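Please read the structure below before turning to the comments.
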Amino acid sequence: MQDFLQKFGALYNAFQFGAPPHAGMAPGVDRMIMLLKNEENIREVIAFPMSGTAQDLMCGAPSEVTELQLRETHIKVRD
């Protein structure tokens, strides 16, 4: 049991409050709209879709992290 809790402790704690009512199989509004509009790609109905390479072209993300951003979040990068 200790190995299980070490590997899946967060999930185990979450399920103490009950399983999701949809059992993890909820299609989501965007998926339902995609089906209703007979679109082949879900990115056609998502407001801010990412490209095929997981880039958000509207925000320019992901991008390089600046030194100021690292300092603000107290993150140190080791070589």
Side-chain angles (χ1 to χ4, degrees):
M1 183 69 168
Q2 189 64 21
D3 287 339
F4 175 82
L5 288 176
Q6 189 172 10
K7 288 182 180 179
F8 305 106
L11 183 63
Y12 180 76
N13 287 336
F15 280 133
Q16 296 297 313
F17 298 98
H22 51 72
M25 298 298 291
V29 174
D30 48 6
R31 181 80 54 191
M32 287 187 279
I33 292 173
M34 181 191 86
L35 295 171
L36 290 171
K37 289 187 57 80
N38 202 24
E39 294 286 350
E40 290 187 21
N41 195 328
I42 197 166
R43 288 192 295 249
E44 297 297 327
V45 297
I46 294 178
F48 300 103
M50 292 187 180
S51 68
T53 57
Q55 293 179 316
D56 185 341
L57 301 177
M58 300 280 289
C59 296
S63 61
E64 294 290 322
V65 179
T66 66
E67 188 66 35
L68 177 62
Q69 290 171 323
L70 291 173
R71 271 189 265 126
E72 287 175 343
T73 55
H74 306 286
I75 296 175
K76 293 182 181 179
V77 179
R78 296 182 186 178
D79 290 329

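Predicted, not measured: the structure shown is a model, and the values here were computed from it.
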Taking atom CZ of Arg31 and atom CD1 of Ile46, what is their separation to the nearest 0.5 Å? 8.0 Å

Distance-only donor-acceptor pairs under 3.5 Å for side chains of residues 57-73, two or more places apart:
{"unit_1": "Thr66", "atom_1": "OG1", "unit_2": "Gln69", "atom_2": "N", "d": "3.1"}
{"unit_1": "Thr66", "atom_1": "OG1", "unit_2": "Gln69", "atom_2": "OE1", "d": "3.4"}
{"unit_1": "Gln69", "atom_1": "OE1", "unit_2": "Thr66", "atom_2": "N", "d": "2.9"}
{"unit_1": "Thr73", "atom_1": "OG1", "unit_2": "Gln69", "atom_2": "O", "d": "2.9"}
{"unit_1": "Thr73", "atom_1": "OG1", "unit_2": "Leu70", "atom_2": "O", "d": "3.3"}

Looking only at non-hydrogen atoms, find the nearest pair between Met34 and Asn41 and report the distance. SD-C, 3.8 Å

When you group the ILVMFWY residues by side-chain heavy-atom contacts below 4.5 Å and let the links chain together, are Leu35 and Val29 in the same group? yes

Here the gap from Asn13 atom CG to Leu5 atom CG, rounded to the nearest 0.5 Å, amounts to 8.0 Å

